[in-house]
Amino acid sequence: MVRSFLIALMLMLFSLSSLAADTGWLTMPDNDHAQVRATADKSSTGDVKILLEVQLAPGWKTYWRSPGEGGVAPEINWTQSVSDMIWHWPSPSAFDVAGIHTQGYDKEVVFPIELKSVDSDNLNGVLTLSTCSNVCILTDYSLNLDLNEPAPADFEWQYNQAMAKVPVTSGLISAVSSDYRNSQLTLSLQREQGDWHQPNIYLDPPQGMLYGIPQLTAKGDHLSVTVDVTDDWGDAAGDITGKPLSFVVTDDGYSRQVNDTIGQGDSVSLPTADSGVGLWSILAFALLGGLILNLMPCVLPVLA
C-alpha cells in the first residue's frame with residue numbers, strides 16, 4: 001500500500017510539473033460555451049512567448065481587437081508588472097447579426113503574445129473574454145504559469161503556425177488612398193499582382209469613432225471601399241482627417257495589415273513583397289564576400 005501511494009504521488013507531481021508552463025484547458029461554470037488554454041516559453045533574455053488558445057461551441061464567437069458595432073476585445077491584466085506586451089491578432093471574420101456589424105472569430109482561434117523582459121518566473125493574470133451568440137457573456141479566466149518549467153515540446157512549431165495566420169505588413173496591395181468627406185470614409189486599394197477575387201476588409205476606427213458595414217467594389221486590380229463613420233453615440237462624426245488609418249485586407253488566402261493616415265485622396269505607395277534587396281544584388285554581395293574570404297591570411301596557405 002505504501003509503495004502504491006508513493007507511485008501515485010510521484011505520478012501526480014510529474015503531472016503537475018509537466019503542466020506548469022501550461023494552464024491546461026480552463027472552463028468556467030457560468031460559461032460552458034468556451035474553453036481557453038495558455039502555454040508559455042521564457043527565453044534566456046527574459047522575453048516570454050505565450051500561446052492563448054480559445055475554443056468555442058458552435059454558434060458562438062469572440063472578438064478581434066476592434067469588435068465593430070458591438071462586443072469587447074479579449075484582454076489580459078497581469079498581476080505583476082510586464083513591459084511591452086505585443087498581442088498578435090490573426091485575420092478575423094465579419095459577423096452581421098440583427099443589423100449589427102462585428103469582427104471576430106468563431107470555432108477556434110490562437111493568439112500569439114509576446115512579453116518583453118519579464119522578471120518574475122511566476123506569471124499570473126486574468127483573461128477577460130467576451131463570447132456571444134444570441135446573448136453575450138463576459139468571463140474571467142485565471143492564468144497561472146510557472147516559467148521555470150519547460151514549455152510543451154511542440155511549442156515553437158505551434159507558435160510559428162499561429163504567427164502564419166497573422167497579417168503580414170507587405171505584399172498584396174501596392175498603393176492606397178483615403179478620403180474623408182461628409183461622415184464617409186473612402187478607400188482605394190491597388191492590388192500588387194492580378195485582379196481582386198473575393199476581398200474583405202476589417203477596419204480599426206479612431207478612438208471615439210465607429211465604422212459601419214464596409215461596401216466593397218472590385219474591378220480588375222482596383223478595389224474601392226466606402227464606410228459610414230459615426231461617433232460612439234451613433235451621431236455624425238467630426239473630422240477624422242489626419243487620424244490613424246489601420247485595417248486588414250484579405251483576398252485568396254492572403255492578408256495584409258496597413259497602417260497609414262486618413263487623408264484627402266492622396267495615393268500612398270506601400271511596401272510590396274518584392275521590395276528590398278534583389279537577387280542580383282544578393283549574388284554580387286556573395287561573390288564579393290567570397291573574394292574577401294580568399295584573401296584572408298589564414299586561407300592563403302590553403303589556396304596553394
Side-chain angles (χ1 to χ4, degrees), residues 63-69 71 73-74 84-96 101-105 109 111-114 162-181 183-230 237 239-276:
Y63 294 97
W64 190 47
R65 65 186 183 218
S66 292
E69 296 177 326
D84 300 328
M85 181 169 72
I86 304 174
W87 189 308
H88 298 283
W89 299 88
S91 299
S93 298
F95 303 95
D96 297 319
H101 180 72
T102 60
Q103 303 177 139
Y105 312 93
V109 59
F111 299 105
I113 300 172
E114 297 178 53
M163 286 298 296
K165 297 181 180 179
V166 175
V168 298
T169 56
S170 65
L172 188 59
I173 57 176
S174 57
V176 60
S177 64
S178 57
D179 187 43
Y180 178 74
R181 301 173 193 273
S183 296
Q184 189 173 77
L185 176 66
T186 302
L187 304 176
S188 179
L189 310 179
Q190 189 75 25
R191 206 181 196 282
E192 183 182 18
Q193 293 178 345
D195 295 336
W196 293 101
H197 296 108
Q198 292 183 320
N200 286 297
I201 193 166
Y202 308 96
L203 295 134
D204 292 295
Q207 187 71 26
M209 298 294 167
L210 286 176
Y211 286 151
I213 301 176
Q215 304 298 318
L216 281 66
T217 303
K219 185 176 182 180
D221 62 355
H222 179 262
L223 176 65
S224 177
V225 181
T226 57
V227 57
D228 293 331
V229 186
T230 64
D239 186 11
I240 60 172
T241 302
K243 299 287 187 181
L245 173 64
S246 172
F247 62 86
V248 167
V249 60
T250 65
D251 193 29
D252 290 341
Y254 298 96
S255 59
R256 166 75 186 272
Q257 169 68 43
V258 174
N259 296 301
D260 196 35
T261 301
I262 298 174
Q264 292 184 329
D266 297 329
S267 180
V268 178
S269 297
L270 297 175
T272 65
D274 295 327
S275 62

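Just so it is clear, the structure is predicted and the values come from calculations on it, not from any experiment.
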Legend entry - Non-hydrogen side-chain atoms of Val227 and Phe247 separated by less than 4.5 Å: no

Legend entry - Taking every non-hydrogen atom, the tightest pair across Tyr202 and Ala94: CE2-N, 3.7 Å

Legend entry - Approximate separation, where rounding is to 0.5 Å, of Asp221 CG and Glu192 CD: 11.5 Å

Inset, instruction - Quick one: list whatever passes salt bridge (charged side-chain N to carboxylate O under 4.0 Å, His left out) with Asp252, sequence neighbours left out. - result: Arg191

Inset, instruction - Using the test side-chain contact (heavy atoms from CB on, under 4.5 Å), find all partners of Val166 that sit at least two apart in sequence or belong to another chain. - result: His88, Pro112, Met163

Legend entry - Contact summary for Ser178 and Thr261, nearest pair of heavy atoms: OG-O, 3.5 Å

Inset, instruction - List in chain and number order the residues that pass ring-ring contact (aromatic ring centres under 6.0 Å, His included) with Phe95, two or more places apart in sequence or in another chain; answer none if no residue qualifies. - result: none

Legend entry - Partner residues of Ser66 under the side-chain hydrogen bond (donor to acceptor under 3.5 Å, both in side chains) criterion, sequence neighbours left out: Asp204

Inset, instruction - Would you check if Val249 and Trp196 make a side-chain contact, meaning some heavy-atom pair closer than 4.5 Å? - result: yes

Inset, instruction - Find out whether Trp89 and Val109 are in side-chain contact, i.e. whether some heavy atom of one side chain is under 4.5 Å from a heavy atom of the other. - result: no

Legend entry - Distance in Å, Leu172 CG paired with Tyr254 OH, rounded so as to fall on 0.5 Å steps: 9.0 Å

Legend entry - Residues which pass side-chain hydrogen bond (donor to acceptor under 3.5 Å, both in side chains) with Gln257, listed by chain and number, not counting sequence neighbours: Arg65, Ser246, Asn259

Legend entry - Closest approach of Val248 to Ser91 (non-hydrogen atoms, all atoms of both residues): CG1-OG, 4.2 Å

Inset, instruction - Not counting sequence neighbours, which residues clear side-chain hydrogen bond (donor to acceptor under 3.5 Å, both in side chains) with Ser188? List them please. - result: His222

Legend entry - Student check: side-chain heavy atoms of Leu185 and Leu245 closer than 4.5 Å: yes

Inset, instruction - Report yes if some heavy atom in the side chain of Val229 is under 4.5 Å from a heavy atom in the side chain of Pro205; otherwise report no. - result: no

Legend entry - Close side-chain approach of Asp251 to Leu223, heavy-atom, < 4.5 Å: no

Legend entry - Residues forming a side-chain hydrogen bond (donor to acceptor under 3.5 Å, both in side chains) with Asn200, sequence neighbours excluded: none

Inset, instruction - Could you check if a side-chain atom of Thr230 sits within less than 4.5 angstrom of a side-chain atom of Asp228, using non-hydrogen atoms only? - result: no

Side-chain donor/acceptor pairs under 3.5 Å, residues 212-220, sequence neighbours excluded:
from: Gln215; atom 1: NE2; to: Ile213; atom 2: O; distance (Å): 3.3

Legend entry - Shortest non-hydrogen contact from Phe111 toward Pro90: CD2-CD, 3.7 Å

Legend entry - Nearest heavy-atom neighbours spanning Ile173 and Arg256: O-NH1, 3.2 Å

Legend entry - Set of residues satisfying side-chain contact (heavy atoms from CB on, under 4.5 Å) with respect to Lys243, sequence neighbours excluded: Pro206, Ile240, Ile262

Legend entry - Smallest separation among heavy atoms of Tyr63 and Thr102, with atom names: CE2-CB, 3.8 Å

